[in-house]
There are 2 protein chains.
Amino acid sequence: MIRVLLAEDQGMMRGALALLLGMEPDIEVVAQVGRGDEIVDAALLSRPDVALLDIELPGRSGLDAAADLRDETPDCRVLILTTFGRPGYLRRAMEAGAVGFLVKDGPVEELAEAVRKALRGETVIDPALAAAALSAGPNPLTARERDALAASVDGATIADIAAGLHLSESTVRNYLSSAIGKTGTRNRMEAVRAARRQGWL
Amino acid sequence: MIRVLLAEDQGMMRGALALLLGMEPDIEVVAQVGRGDEIVDAALLSRPDVALLDIELPGRSGLDAAADLRDETPDCRVLILTTFGRPGYLRRAMEAGAVGFLVKDGPVEELAEAVRKALRGETVIDPALAAAALSAGPNPLTARERDALAASVDGATIADIAAGLHLSESTVRNYLSSAIGKTGTRNRMEAVRAARRQGWL
DNA sequence: CCGGACCCGGGACATTTGTCACGGCCGGGT
DNA sequence: ACCCGGCCGTGACAAATGTCCCGGGTCCGG
């Protein structure tokens, strides 16, 4: 029996996947969590063979949790299951020690098979996505440029960002201007969207 | 046997829900579509008793499709199944003739039961959500203010919006200023997010 | 018929945003 | 030792944005 941990915030999706995987004769779902900051605790308790993690989770990113699992439970293979096939996500997933990267499109049949492959030590990645990740190159933004961009979502003004980051307004504007240049966009919001599409945020 | 049509863009979610509903002894999934503009055709072909529609679909909104179904297949009950419990969505769903409104949080067990209730003519709505929809009141934005807001996502400049709507830049700025005022926000992006949260967009 | 709401546009103005040039400070690599 | 890059800040400037006026038009309900 392959012991599986499932981390996914949408209740219906989580329940459906758990039922599905549980129907496979060789797979058993030993833990389900809806928050990113519950993953490590649950894994230590239930000792899964494979962890199936969403990326966008409340509390803690699935990517960060993957890195935690590599340290805390090294014999647990991590599979990332996410809505968005962003190149930067794939890159970060690999750096965090994940053995596979699935997008929520594509057929359900993929899922159980991916779990089995993961246990056998094979890596499971969509080839087209891998190519995109390679061709996109690494994240060109510096840490502070990322911070500034991330803080400028939902219409925060320069003053808000500066306050949140404990910086001068001038500095924030310089970072944003630089990020806009690097993303080849025309303003903050376009830069945010471009960076998000690449998985840089 | 209850004949169900399933409209959902995420392949894995769609497949999982279909399998799940198919396991119920009294339910049969007779059609699955991944795009909003395929709903009506599929419904005319497969004559479902209940249509389970996501809102955010490529091609055509699930809410618009619900209105279509009311005309084309009046004996088919419509259930809306969506990620976001936005008050405005619920209101529009009811106006489009839906008999129920489910959010993708909450347990999977809800789902089959909701389908059965829908067939019996009962309406299925989360009471807390219904209260929120009532207390929020109707959409205060005019049609053009909505257009301007909707066109200003992903960092479009005023000139872009004006060109896309065949309007003068002054007009666009007036609409946006008005929308900002009505949403009680400080700039475009905050207004967009506020309007989206309410389901006004 | 009149008021009110929506649609569309113009002009003027203050504020915000984005750009550029310029400093200084640190740490790592050659 | 030196340079380079990231970090933090300033000042000045052009462009974009948001606000407040104003005008005109239509349509609908009282």
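These numbers come from the heavy atoms of this one structure, side chains and all, not from hydrogens, waters or symmetry mates.
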Undergrad: Over how many whole Å does the gap from A:Leu165 atom CG to D:dC8 atom P extend?
TA: 9 Å

Undergrad: Rounded to whole angstrom units, what separation is found between the CE atom of B:Met189 and the C1' atom of D:dG18?
TA: 15 Å

Undergrad: Send over the distance from A:Glu145 CD to D:dG5 C1', rounded to a whole Å.
TA: 11 Å

Undergrad: Could you run down the sub-3.5 Å N/O contacts of the protein with nucleotides 21-27 of chain D?
TA:
none

Undergrad: Would you say that more than 12 heavy atoms from the other residues, nucleotides or ligands in this model lie under 6.0 Å from the CZ of B:Arg196, or not?
TA: no

Undergrad: Over all heavy atoms of both residues, which pair between B:Glu169 and B:Ala159 is shortest? Give the atoms and the distance, please.
TA: OE2-CB, 3.7 Å

Undergrad: Starting at the 5' end of DNA chain C, which residue's closest nucleotide do you reach first, A:Leu176 or B:Ala143?
TA: B:Ala143

Undergrad: Quick one, B:Leu79 and B:Lys117 - any side-chain contact, counting heavy atoms below 4.5 Å?
TA: no

Undergrad: Assess whether a salt bridge exists between B:Arg14 and B:Asp54, defined as any Lys/Arg side-chain N lying under 4.0 Å from an Asp/Glu carboxylate O.
TA: no

Undergrad: Report the distance from atom CG of B:Asn139 to atom C1' of C:dC6, rounded to the nearest whole Å.
TA: 14 Å

Undergrad: Taking only side-chain nitrogens and oxygens of A:Thr142, does any of them come within less than 4.0 Å of OP1 or OP2 of D:dG5?
TA: no

Undergrad: Is a side-chain N or O of A:Ser178 found less than 3.5 angstrom from the main chain of A:Asn174, in a donor-acceptor match?
TA: no

Undergrad: Rounded off to whole Å, could you give me the CD1-to-C1' distance for the A:Ile161 and D:dC8 pair?
TA: 16 Å

Undergrad: Identify which nucleotide among C:dC8, D:dG9, D:dC7 has an atom closest to any side-chain atom of A:Ser168, counting heavy atoms from C-beta outward.
TA: D:dG9

Undergrad: With DNA chain D as reference, determine whether A:Thr171 or A:Lys182 sits nearer its 5' end, using the nearest nucleotide of each.
TA: A:Lys182

Undergrad: Could you check how far CG of B:Asp147 sits from P of C:dC6, rounded to whole Å?
TA: 14 Å

Undergrad: Do B:Thr142 and B:Lys182 make a side-chain contact, defined as non-hydrogen atoms from C-beta onward lying under 4.5 Å apart?
TA: yes

Undergrad: Which atom pairs link the protein and nucleotides 14-17 of chain D when you take only N or O atoms and keep those under 3.5 Å?
TA:
unit_1: D:dT17; atom_1: OP1; unit_2: B:Arg188; atom_2: NH2; d: 2.8
unit_1: D:dT17; atom_1: OP2; unit_2: B:Thr157; atom_2: OG1; d: 3.0
unit_1: D:dT17; atom_1: OP2; unit_2: B:Ile158; atom_2: N; d: 3.2

Undergrad: Salt bridge check: are A:Glu113 and A:Arg116 linked by an N-O gap of less than 4.0 Å?
TA: yes

Undergrad: Could you tell me if the side chain of A:Met1 sits less than 4.5 Å from the side chain of A:Ile27, heavy atoms only?
TA: no

Undergrad: Measure CZ/A:Arg144 against C1'/C:dC26 and give the value in whole Å, please.
TA: 15 Å

Undergrad: Are B:Arg186 and A:Asp160 close enough for a salt bridge, meaning some N to O gap below 4.0 Å?
TA: yes

Undergrad: Measure from CZ on A:Arg146 to P on D:dG6 and round the result to the nearest Å.
TA: 12 Å

Undergrad: Regarding B:Ser170, tell me which of base, sugar-phosphate or nothing describes its non-hydrogen contacts under 4.0 Å with the strands shown.
TA: base

